[in-house]
Amino acid sequence: RTRMALREKGVDFEYRDENLREKSPLLLQMNPVHKKIPVLIHNGKPVCESAIQVQYIDEVWPHKNPILPSDPYQRAQARFWVDFIDKKMYEAQRKVYATKGEEQETGKKEFIEILKTLETELGDKPYFGGDVF
């Protein structure tokens, strides 16, 4: 999400891979609470969690390619679907790839239902926000 948002905004950035088994001192310093990626470091200050980073990027660089809608209701809806994906989709996906047997089968069914829900919401629009990215 973060890299896509930065690219859409035309922001130059440095990307660094992180070994999550041997976390770097920089990661531990910049995200001491969760100790996980992604971390966006802007002007020496960390911004953690990709959904928060996208909102931050949209606010810091508002002049090009808005990511979130300007209408408060539409913006709330966009945040709802991000939250839906974060809470529902990733958990079901984890069950599919990290479990076996009945729990894995449950995860597969949940994942398919989530995809159906997202597809219904998308409808004939090319993007969740409408006709443009």
Side-chain angles (χ1 to χ4, degrees):
R1 289 178 186 164
T2 303
R3 286 185 284 168
M4 286 175 55
L6 289 166
R7 286 185 181 124
E8 274 300 306
K9 293 287 189 173
V11 176
D12 289 328
F13 63 95
E14 177 186 344
Y15 174 80
R16 292 185 187 177
D17 280 322
E18 182 71 32
N19 180 345
L20 296 179
R21 291 196 170 118
E22 296 177 29
K23 296 174 181 175
S24 71
L26 181 61
L27 173 61
L28 298 174
Q29 176 189 0
M30 292 291 132
N31 192 352
V33 175
H34 294 296
K35 300 175 176 91
K36 64 181 187 175
I37 58 170
V39 176
L40 172 67
I41 303 171
H42 181 238
N43 294 332
K45 298 175 188 170
V47 179
C48 301
E49 303 296 330
S50 64
I52 295 168
Q53 291 165 358
V54 170
Q55 291 177 39
Y56 178 84
I57 291 163
D58 209 26
E59 291 171 7
V60 171
W61 292 280
H63 58 281
K64 186 176 180 190
N65 298 332
I67 295 169
L68 292 171
S70 59
D71 177 75
Y73 178 77
Q74 290 175 340
R75 198 166 48 248
Q77 291 303 300
R79 288 180 177 134
F80 170 85
W81 288 109
V82 168
D83 185 66
F84 176 85
I85 289 168
D86 284 350
K87 290 181 179 168
K88 298 284 188 176
M89 187 172 217
Y90 292 135
E91 177 58 25
Q93 190 175 8
R94 186 199 64 74
K95 286 180 187 176
V96 172
Y97 293 110
T99 65
K100 301 248 187 256
E102 189 175 321
E103 188 175 4
Q104 185 181 49
E105 291 305 312
T106 300
K108 287 178 185 178
K109 290 175 185 169
E110 289 172 7
F111 193 69
I112 289 169
E113 288 305 312
I114 290 164
L115 290 175
K116 286 179 182 178
T117 299
L118 290 171
E119 190 170 350
T120 298
E121 175 60 24
L122 181 60
D124 293 332
K125 301 176 286 191
Y127 303 100
F128 277 94
D131 292 330
V132 295
F133 182 74

Inspect the contact between Glu119 and Lys116 and indicate whether a charged nitrogen and a carboxylate oxygen are less than 4.0 angstrom apart.
->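 Salt bridge: no.
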Closest non-hydrogen atom pair between [X] and [Y], with its separation:
X	Y	answer
Leu115	Met89	CD2-CE, 3.4 Å
Asn31	Cys48	CG-SG, 3.5 Å
Pro32	Lys35	O-NZ, 3.3 Å

Using modelled atom types and a 3.5 Å cut-off, is there a donor and acceptor pairing between side-chain atoms of [X] and backbone atoms of [Y]?
X	Y	result
Asp71	Tyr73	yes
Glu18	Lys23	no
Gln53	Val47	yes
Glu8	Ile67	no

Do [X] and [Y] land in one hydrophobic cluster if side-chain heavy atoms of ILVMFWY residues count as linked below 4.5 Å?
X	Y	value
Val82	Tyr90	no
Val39	Tyr56	no
Val60	Val11	yes
Leu68	Trp81	no
Leu122	Phe84	yes

In sequence, state the C-alpha distance, the side-chain angles, and the governing distance for Glu49 and Lys36, and then conclude on side-chain contact (heavy atoms from CB on, under 4.5 Å).
-> CA-CA 9 Å; Glu49 303 296 330; Lys36 64 181 187 175; 3.3 Å; yes
Close side-chain approach of Phe13 and Thr2, heavy atoms under 4.5 Å =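 No. Closest side-chain heavy atoms not under 4.5 Å.
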May I ask you to test the Leu6-Leu40 pair for a side-chain heavy-atom distance under 4.5 Å?
->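 Yes; the side chains approach each other to less than 4.5 Å.
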Within a reach of under 6.0 Å around [atom1] of [X], are more than 12 heavy atoms found that belong to other residues, nucleotides or ligands?
X	atom1	answer
Tyr97	OH	no
Arg16	CZ	no
Lys88	NZ	no

Measuring from atom [atom1] of [X] to atom [atom2] of [Y], what distance do you get when rounded to the nearest 0.5 angstrom?
X	Y	atom1	atom2	result
Asp12	Arg7	CG	CZ	11.0 Å
Gln93	Glu91	CD	CD	10.5 Å
Ile112	Lys108	CD1	NZ	8.5 Å

Between His63 and Trp61, is a side-chain contact (heavy atoms from CB on, under 4.5 Å) present by the stated rule, with each step listed?
-> CA-CA 6 Å; His63 58 281; Trp61 292 280; 3.6 Å; yes
Salt bridge (charged side-chain N to carboxylate O under 4.0 Å, His left out) with Asp58: which of Arg75, Lys9, Lys64?
-> Lys9
So Ile85 and Arg1, side-chain contact (heavy atoms from CB on, under 4.5 Å) or not? Walk me through it.
-> CA-CA 12 Å; Ile85 289 168; Arg1 289 178 186 164; 4.1 Å; yes
